[in-house]
Amino acid sequence: METGGEGTGSEEAVGVLEKGEEGEGAVEGGDGVVEGEGGETTEKTALLETSAVDEPRLSSSSEKASSTEETAAAGEQGRPSTSSNTEISSESFDLRPYSLPSVRELFRVLVSFLDPHDRRHPDQMRVMALRIIHVALEVAGPSIARHPALAAIAEDQLCCYLFQLVRSDNMAVLQEALIVASTLLSTCRHVLKLQQELYLSYLVACLHPAVEIPREPGIDPSLYSGIPQSPKLVKPPPSQQGSGRSTPVPVKDRQKLGLEGGARKPDARQAMVENIGVLARMPTFMVDLFVNYDCDEDRADLCEDMIGLLSRNALPDSATWSTTSVPPLCLDALLRFIQYIAERLDQTPETEGYPDPEVLREKRRRKKLIIKGANKFNENPKGGLAYLQEKGIIADAKDPVCVAKFLSGTTRVNKKQLGEFLTKRGNEAILDAFMDQFDFSGKRADEALRMMLGTFRLPGEAPLIERVVVSFSEKYFKSEPEGIADQDSVYVLSYAIIMLNTDQHNPTIKKEARMNEAAFARNLRGVNGGKDFPPEYIHDIFHAISTNEIILPSEHDNKHAFDYAWKELLLKSDSAGPLVLCDTNIYDADMFATTWNAIVSCLFFVFMSATDDTVYARVITGFDECARIATKYGNSEALDEIVYRLGYISTLSSEGGSNTTLNTEVQVGENSVMVSELAVKFGRDVRPQLATLVLFRVVTGSEPVIKKSWKHIIRIWLNLFVNSLIPPFFSTEADKLSLPPIPLQPPSQVIDRGAKQNETGFFSAFTSYISSYAADDPPEPSDEELESTLCTVDCVNQCHMGDVFANVSSLPSHNLEALVDSLLAQIPEDNGSTVITVKAENIPPSGTNGQKPRQTTAVYDPGLVYILEFCTVLALRDETTIEVLGKRVVEAIQEILRDVPRYHPVLIERATFYLFNLLQASYDFDYVRVPILLHTVSSFPKDTLIKTSGLVLRGLKLCIEKPCPLRNEMMTSPDFWVILQTLATNPDSAEAVFEILEKGVINSNPSAIMADNYEASLSLLNEYASMASVGAVAEQQNDRKVKGRKFIAKKLEKPSDNKVVERGVRALEGIYKLTSRIPGLMSQSHLESREAWSAYWLPVFQALTTQCTNPCREIRHLAFSSLQRTLLSPDLTSQEEHDEWTAIFGEVLFPLILRLLKPEVFSSDRDGMSETRVQAASLLSKVFLQYLVMLSEWEGLLGLWVRIIEIMDRLMNSGQGDSLEEAVPENLKNVLLIMASNGYLVPPSKNPEREELWNETWKRIDRFLPGLRADLALDVPEEVVPAARGEQQVVQPQGEEGKVEGAAA
């Protein structure tokens, strides 16, 4: 049977204790003893037989079964009943002193004095009896619970009278009744499960008024929304207004009866709160409530309601309807509840003999579903049943039996709605199945009808009533009632009883007009199968209806209501089972999860409204214990709310931040402190300081459990950081990035207090103020502001935030997700919230470059840098964190880099560096696309790229540091070289760019040079070599010093001492090293031979020839040497085809010599360029002779030779020095001799095939060296030939270079 807690005994609990001030003596339970009219007593034989037995007892209802029927019938008629049908002789009594029967009789008599309806006993006698009973319970309470004879009295009469006395307005009676009740529950509660529920439900209803919590200025109501406005077990007034009662009870009378719980005086409320406090002192009291009631589908949520009551009454405003002692009493009980859970945290869990927590958890889940389903049913029966079927509470919502079992087993559905549903057309099968749930055996017709109509509200329409009566008649007749002829007789009798009930109790009918017994009998004449019902049967029915109206139990307003509810309670005692005492901690996690919200909300409100240091200390302890419990049991939701509320109290977690423009640094000796608006305000108030201390005490060690509240902790860190109260990070993890500290706004002024200690007095202070005013500076901080700032510094130091950072750095990666998500959530969506503008001197050096700052609206937010750096540090911790956190951090940084103009260069610079670090660490996960990142950086505005160059280049260097696929992918990207090319011209970044170039090109092994980056790297090296032209200035200064003989006094400065020239030298060396990669690149390429030569050899030659005209002599000489080695390298002609390499003359050597002949080139270094021209002429000759044999087979030899002669002619006649006039003839003479000796330049008489070469040669030479032909005598007779042949033997294809050089020399 599916039922729910707040409806079964406790739903009527409030009214049960208060209903009926008139009537006869209270019904006594089935303990075998009832009070007769003359006060005489009888005893059951069974009880006497157990007088000497002292055995443990879990349930007290074992003796009541035989007398339950009689007691119930007597109670309905308002008469006392006897519980024994057997005469017991006086000889069977054992009334010896101290025997169990004597004790039982004494106990019974004392309890009888408590009957609130027995007017023979004054209140003084009741007080005396209560005190005696209290002593008995204190001394022997557990023993009373163990003896069935005594326990029966305690369960029935004692509780019945006691729970009625707690409504007394007599404070003496109330005080004693509460004391006895608390003692009784403390010692015997394991046999008083339903009685305890009834009693506590009444206290909750009386003490938890539905009064809205007053709003405190400056406190967000959502922060204390967890405090319940009303208990769950008391239904709100609207549902009671719709009960459909024919004689409704006015609100004033309902309050008087306790139905609203609002008529108790302040002193009475205080006494009740004290009573709850006594019970709450039992360490397991709340656990017992939670397990036995909150986890029972048929019982009320007593533990949750009790915590809600204490939380609501702990607020200061509860003193307005009680006394000033109530709030602290409730706060004590609440804190004690938390303290007991905290003390059990380290205990070993005891599970033997206790219900399985998982089973109880499932019961609570079902209970919630039943409550929700019942509420849906009350609004829409069809929808409610569908919901209950969906959730598995009802097996089949179309099965009438399943539906009927649920509806008859729960009291959570609205009685009126239930009546309408059962009588609705189409639900006849459900109505019949509902009737089948009753057992009418042995009951009179009015008793059966009363039982049925106690479960739902009978509709007012005649057709609907007829359906109910028809179904009832059929079911009742099947129970074979005595004296009933047939089903039709039941039908007529039922209608007559319903009409009699209306006639007797309708307030609109006058008394004299009401039906009497004779009229009732007359109406039923001849309807019992043609006969009359027995007169005594009619009499009993008439008397029962006239004295006790058939009505819903919740609508009773007299003693009969209590009698009825008490009878039902006793009947359910057996099925309810014993109360389990839970001296264990296995249920604490679930209990705390149910109650923490109300507790934390209450503590927050009390802390915010309190003014007493003692209250502060107690609440702080409560917060700390709640946090420990939440951490122990992994309750992230509770811990997050605790952190949120503490952060709110601390005032440091505000989103808006604080104004830092007036921050002032105060120095005293070597120590300094930053006085800020935040530090001064925080240091003046002890409440935020306490909250902050507790907050970080809570956070330390609880980092794995914290989820959503990281955002509040982060805001605190940010606010402290931007005000120079904490460093960026307390751990060494940030050192992995090797970054300078995150720049903050410099102070508006720096004040040295040490220098001003001797300047005291009014005049010095006045002068200081006037001077600061004149300079438009903020006034110097006062001593009070400085003291407040020091208090803030001390508080922050006491928080030991470094421990939190240390713990965070070692958290598992899945626990870091919440922290990183919270960090990234702090990134503003727009730029309107930034508050700090960094002064020029505070920007890292890479951002200045001696240029005027670009006018921009971008402002600098150090908090945003803090967030990104913190996320990056966490993500870079290890491979696991990269995998789990890397992607989200990368996406956040990329989002910022997509809108570069919006952000300050400092942020862009560091964000780019973070992204390169993440790229390097997460390359295997492909979170960062290399081409996209490089293109993004290369697309920065040029001034932004220059300002951010420092860390951008560090990031690039990091990624290409080691040979790996990442280095290859980066160095083959065109955007990579665009970045380097852009930054190479910037003096501040040129060195860093060259280091990257060296690492990736010059000194890399294996080489990172490939076809895709060959030309770009060569171009950049060439540019660095060109930059070295600045060395010409030093060289020419040295020339002047030498001529003036000023070099003796000091050492001459070498051009390579200049870093720019040094880089140029290394760049040229790099260019020469590239030549070793050319054959491999050409073989790997799919280009044709000529195209490959133009793509790889030609750029090198062009770069070298460019530097051969560099004004710097050192660069020029090195370039010339490299060019010569390259031109004479065997790799140059390693291909079979030789058409391509012949371009070294037309595209390399000839253009070089022509540029050397230009006046502007010559004038760049007049003293050195003449020598370079001589070297160029010599190089031309050497190269021609080196490849003469191969050229002889080339059809273009004649044209090339003619072009060489013309170049020599131009050199000879340049008119810019005598050295060429000597060098050109000598070089030309050597070439002619070797050509002649090898048979290439011979007269036509010797080789007619060479005639054209011979004629063209002398034709041109004679123009500028007319005597050279005669000097060489190459066309003379035979005697010269041997010498020429000797020369011919010298010049061979192998080893030609050395011989040619010797000939040239």
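- Side-chain atoms of R312 do not come within 3.5 Å of backbone N or O of P228 as any donor-acceptor pair.
- With rounding to the nearest 0.5 angstrom, the CZ atom of F113 is 9.5 Å from the CZ atom of R120.
- Side-chain contact check for N170 and S168: no donor-acceptor pair (N or O, by modelled atom type) lies under 3.5 Å.
- In this structure, NZ in K567 is found 11.0 Å from NZ in K572, a value given to the nearest 0.5 Å.
- In this structure the side chain of E138 never reaches within 4.5 angstrom of the side chain of V180, judged on heavy atoms.
- Put simply, the side chain of R108 never gets that close to the backbone of I153: no donor and acceptor are under 3.5 Å apart.
- Counting heavy atoms from C-beta outward, L207 and I276 have side chains that approach closer than 4.5 Å.
- One distance of note links CD of Q196 with CG of L184; it measures 9.5 Å at 0.5 Å rounding.
- Residues N275 and Y199 have side chains that bring a donor and an acceptor to within less than 3.5 angstrom of each other.
- The OH atom of Y340 sits 12.0 Å away from atom CE of M591, with the distance rounded to the nearest 0.5 Å.
- Not counting sequence neighbours, the partners of T621 by the side-chain contact (heavy atoms from CB on, under 4.5 Å) test are E625.
- Going from atom CG of L310 over to atom CG of L315 covers 11.0 Å, rounded to the nearest 0.5 Å.
- Checked by atom type and distance alone, the side chain of D288 never pairs as donor or acceptor with a backbone atom of L581 at under 3.5 Å.
- In this structure, L114 and L165 have side chains that are in contact, with non-hydrogen atoms separated by less than 4.5 Å.
- Atoms CZ and CG, from R264 and L203 in turn, are 9.5 Å apart once rounded to the nearest 0.5 Å.
- Contact annotation: the side chain of I133 approaches that of V111 to within less than 4.5 Å [non-hydrogen atoms, C-beta and beyond].
- When all heavy atoms of D294 and L302 are compared, the pair lying nearest together is OD1-N, 3.0 Å.
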Can S311 and F605 be said to form a side-chain contact (heavy atoms from CB on, under 4.5 Å), step by step?
CA-CA 10 Å; S311 301; F605 192 97; over 6 Å; no
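- In terms of the salt bridge (Lys or Arg N to Asp or Glu O under 4.0 Å) criterion, residue partners of D588 (sequence neighbours excluded) are, by chain and number, R344.
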Please test M286 against M306 for side-chain contact (heavy atoms from CB on, under 4.5 Å), starting from the C-alpha separation and ending with a verdict.
CA-CA 8 Å; M286 291 294 184; M306 193 65 67; 3.4 Å; yes
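- When all heavy atoms are compared, the tightest approach of A177 to L130 is N-CD1, 3.7 Å.
- Considering only heavy atoms from C-beta on, S112 stays 4.5 Å or farther from D118 through its side chain.
- Although no hydrogens or angles enter the test, the distance criterion places a donor-acceptor pair under 3.5 Å between the side chain of T584 and the main chain of E350.
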Candidate pair F285 and L185, rule side-chain contact (heavy atoms from CB on, under 4.5 Å), full reasoning
CA-CA 10 Å; F285 176 69; L185 295 179; 5.8 Å; no
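- R336 places no side-chain N or O within 3.5 Å of a backbone atom of M282 that could act as its donor or acceptor partner.
- Under a 4.0 Å N-O distance rule, the pair D267/K265 does not qualify as a salt bridge.
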Begin from the C-alpha positions of D296 and N292 and carry the test side-chain contact (heavy atoms from CB on, under 4.5 Å) through to its verdict.
CA-CA 6 Å; D296 190 331; N292 290 279; over 6 Å; no
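- The two residues Y587 and F290 come nearest to each other via the heavy atoms O-CE2, 4.2 Å.
- The shortest non-hydrogen separation linking A342 to I629 is N-CD1, 3.9 Å.
- The environment of CG in D123 is crowded: more than 12 heavy-atom neighbours from other residues, nucleotides or ligands sit within 6.0 Å.
- Pairing each heavy atom of L603 with each of G622, the nearest pair is CD1-C, 3.8 Å.
- In terms of heavy-atom proximity, A268 sits nearest to L174 at CB-CD2, 3.4 Å.
- For the pair R450 (side chain) and E549 (backbone), a donor-acceptor distance under 3.5 Å is present.
- E197 places no side-chain N or O within donor-acceptor distance of the main-chain N or O of K193, the cut-off being under 3.5 Å.
- Contact check for Q157 versus F107: no side-chain heavy atoms found under the 4.5 Å cut-off.
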Let me check something: any side-chain donor-acceptor pairs from residues 322-330 under 3.5 Å, sequence neighbours excluded? List them with distances.
{"residue": "S322", "atom": "OG", "partner": "S318", "partner atom": "O", "Å": "2.6"}
{"residue": "T323", "atom": "OG1", "partner": "Q270", "partner atom": "OE1", "Å": "2.6"}
{"residue": "T323", "atom": "OG1", "partner": "S325", "partner atom": "N", "Å": "3.4"}

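- Residues I599 and I338 have side chains in contact (heavy-atom distance under 4.5 Å, counting atoms from C-beta outward).
- Contact of the C303 side chain with the T594 side chain is not registered, since no non-hydrogen atoms from C-beta on lie closer than 4.5 Å.
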